[in-house]
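The next block holds one structure in the form of C-alpha cells; read it before the comments.
Proteins come first, then strands; the chains are lettered A, B, ... in the order of their sequence lines, and each starts at number 1. Values reported hereafter were calculated over all heavy atoms of this structure, with side chains retained and with hydrogens, waters and symmetry mates removed.
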Protein chains: 2
Amino acid sequence: MIMKDNLELLKSYQLKITPQRIAIVEELASHGHLSIEDLYQGLLERFPTISLATVYKNINAMEEKEFVQEVKIPEQKSKYELTKAHHAHVVCQECKKVEDVVVSTKTILDEVKDVSHYRINRDDLIFTGLCPECVVKQSA
Amino acid sequence: MIMKDNLELLKSYQLKITPQRIAIVEELASHGHLSIEDLYQGLLERFPTISLATVYKNINAMEEKEFVQEVKIPEQKSKYELTKAHHAHVVCQECKKVEDVVVSTKTILDEVKDVSHYRINRDDLIFTGLCPECVVKQSA
DNA sequence: TGGATAGAAGATAATTATTTTCCTTTAAGT
DNA sequence: ACTTAAAGGAAAATAATTATCTTCTATCCA
C-alpha cells in the first residue's frame with residue numbers, strides 16, 4: 001500500500017498524480033530496485049492495457065525531477081529506485097539481488113579528491129559479490 | 001603505435017590478431033575510455049569499410065576474455081577500457097572526461113562487508129564532479 | 001462543484017542501439 | 001602452401017527508447 005508520504009512527494013515534485021504513477025511508486029517502494037521490464041510486468045497485472053511507453057515516460061519524468069534514480073549495475077540492465085538518503089549498493093552475482101548499504105564515504109572521498117584534484121559531488125558505488133544466502137548455498 | 005605487449009596480450013587471451021583488433025587496442029590504449037560509437041568513428045578513419053557490428057563483436061569478445069572492461073557511467077553511454085590494475089573512476093560532469101584513479105578501498109570494503117554480510121569480490125566506484133580545468137572555467 | 005486546460009495515457013510509428021545471419025576473407029597452425 | 005576455425009562486412013533481425021497523435025483525466029479556479 002502507498003503511504004501518504006509518497007503521494008505528497010509526487011506532488012511536491014510537480015508530478016501529476018495518476019493511478020499508473022501511484023502504482024509505479026508502490027512497486028518501487030515494495031520491491032526496491034526494478035528494471036523497466038520488471039516494472040512493466042508488475043504493472044501489467046494491475047493495468048492490463050498499460051503501455052511500455054508509459055513506463056518509460058514516467059520513469060524519465062521521475063528521474064528528471066529526481067524522484068527516482070537509475071542504478072547502473074555491472075552485467076545487468078539498469079534498475080530504478082526511489083530517491084532516498086544517499087547510499088551505496090551491494091549486488092549478489094548469484095541471485096542478482098540488489099540491496100542498499102549505508103557506509104561512510106568520507107575517507108575514500110578525501111582520497112579521491114586528493115589524488116584526482118576533482119571537486120567531487122556525487123558517488124556511485126557498487127559492490128558485487130555473494131549475499132549471505134548464496135554463500136551458504138555455494139558451500140553446501 | 002601498438003606495443004608488443006598488447007599483441008602478446010591479445011594472443012594470451014586467445015583472441016586472433018587482426019588489423020581491426022589491433023586498431024581497437026590502439027584506440028583504447030591512447031584514448032583510455034571510449035564508447036562503442038567513439039571507437040567506431042575512430043576506426044572508420046583507418047578502415048573506411050569497417051562495420052559497426054565488427055566493433056560490437058570485438059568488444060564483446062574482448063569483454064568475454066576480460067581483456068577489456070565496460071565502465072557504466074551515470075548519465076552517459078558505457079565506455080570501454082583495457083583491463084588493468086584495479087582502479088576507480090572520476091568523471092567530469094562538465095567536459096565528460098573520464099579518468100582512472102587509484103585509491104585504497106580497504107576501509108570501505110571492510111565496512112561494506114561488515115554492514116551487508118556479503119562476500120564482496122568486485123567494486124565499481126564512480127565519482128562524479130568537476131575536473132580541475134572545469135572548476136577554473138566555472139569560477140571565471 | 002462544474003468546466004477549462006495542461007499534461008498523462010495508450011496505441012502506434014519512428015528512431016536508435018545491439019545482435020545475429022550469411023557469405024567472403026583471413027589468421028594461425030600444420 | 002594448405003586447411004580450418006574464426007573474423008570481417010553487409011544487411012537483416014531484435015531490442016530498446018523516443019516521438020507523435022488522439023483521447024482521457026487530474027488539477028485549478030470561477
message = With heavy-atom distances below 4.5 Å as the criterion, would you say the side chains of A:Asp38 and A:Tyr80 are in contact?
response = no
request  = Indicate yes or no: at least one non-hydrogen side-chain atom of B:Ile126 is less than 4.5 angstrom from one of A:Ile126.
outcome  = no
Separation of atom [atom1] in [X] from atom [atom2] in [N], rounded to whole Å:
| X | N | atom1 | atom2 | value |
| --- | --- | --- | --- | --- |
| A:Gln14 | C:dA8 | CD | P | 11 Å |
| A:Tyr40 | C:dA11 | OH | C1' | 11 Å |
| A:Glu75 | C:dT18 | CD | P | 16 Å |

note = Using a 4.5 Å side-chain heavy-atom cut-off and chaining through intermediate ILVMFWY residues, the residues clustered with A:Leu125 come out as A:Val90, A:Val101, A:Val103, A:Ile108, A:Leu109, A:Val112, A:Val115, A:Tyr118, A:Ile120, A:Phe127, B:Val90, B:Val101, B:Val103, B:Ile108, B:Leu109, B:Val112, B:Val115, B:Tyr118, B:Ile120, B:Leu125, B:Phe127
task = Could you list all the salt bridge (charged side-chain N to carboxylate O under 4.0 Å, His left out) pairs where at least one residue sits in residues 40-56 of chain B, not counting sequence neighbours?
result = B:Glu26-B:Arg46, B:Glu27-B:Arg46
note = In short, salt bridge (charged side-chain N to carboxylate O under 4.0 Å, His left out) pairs touching residues 55-74 of chain B with sequence neighbours left out are none
With sequence neighbours excluded, residues passing salt bridge (charged side-chain N to carboxylate O under 4.0 Å, His left out) with B:Glu133 = B:Lys97
inquiry  = Given 3.5 Å as the limit, does a donor-acceptor pair link the side chain of B:Asp114 with the main chain of B:Asp110, or not?
reply    = no
Backbone of B:Lys16 reached by a side-chain donor or acceptor of B:Arg21 within 3.5 Å = yes
remark   = As a check of understanding: the bend across the helix from C:dT1-D:dA30 to C:dT30-D:dA1, end axes from five pairs, rounded to 10 degrees, works out to 50°
message = Please determine whether the number of non-hydrogen atoms from other residues, nucleotides or ligands lying under 6.0 Å from atom NZ of A:Lys77 exceeds 12.
response = no
Results of side chain to side chain contact (heavy atoms under 4.5 Å, CB included) for A:Gln138 - residues two or more places apart only = A:Glu94, A:Leu130, B:Arg119
query = Considering residues at least two apart in sequence or located in another chain, which fulfil the side chain to side chain contact (heavy atoms under 4.5 Å, CB included) criterion with B:Ser104?
reply = A:Glu111, B:Lys106
query = Contact class for B:Ile36 vs. all strands (heavy atom < 4.0 Å): base, sugar-phosphate, or nothing?
reply = nothing
request  = Not counting sequence neighbours, which residues clear side-chain hydrogen bond (donor to acceptor under 3.5 Å, both in side chains) with A:Glu75? List them please.
outcome  = none
key: Of A:Thr49 and B:Leu52, the one whose closest DNA chain C nucleotide lies more 5'   = A:Thr49
inquiry  = With the threshold set at under 4.0 Å for non-hydrogen atoms, list the residues of residues 54-72 of chain A touching DNA chain C in residue-number order.
reply    = A:Thr54, A:Lys57, A:Asn58
query = How would you list all residue pairs meeting ring pair (Phe, Tyr, Trp, His ring centres under 6.0 Å) that involve residues 31-55 of chain B, not counting sequence neighbours?
reply = B:His33-B:His89
key: Protein proximity profile, nucleotides 24-30 of chain C - base contact B, sugar-phosphate-only contact S, no contact -, cut-off 4.0 Å on heavy atoms   = ---BS--
inquiry  = With nearest nucleotide decided by heavy atoms, which residue, A:Glu37 or A:Ala53, maps closer to the 5′ end of DNA chain D?
reply    = A:Glu37
query = Just the endpoints, please: which first and last nucleotides of DNA chain D, 5' to 3', lie under 4.0 Å from a heavy atom of chain A?
reply = D:dA16 to D:dT27
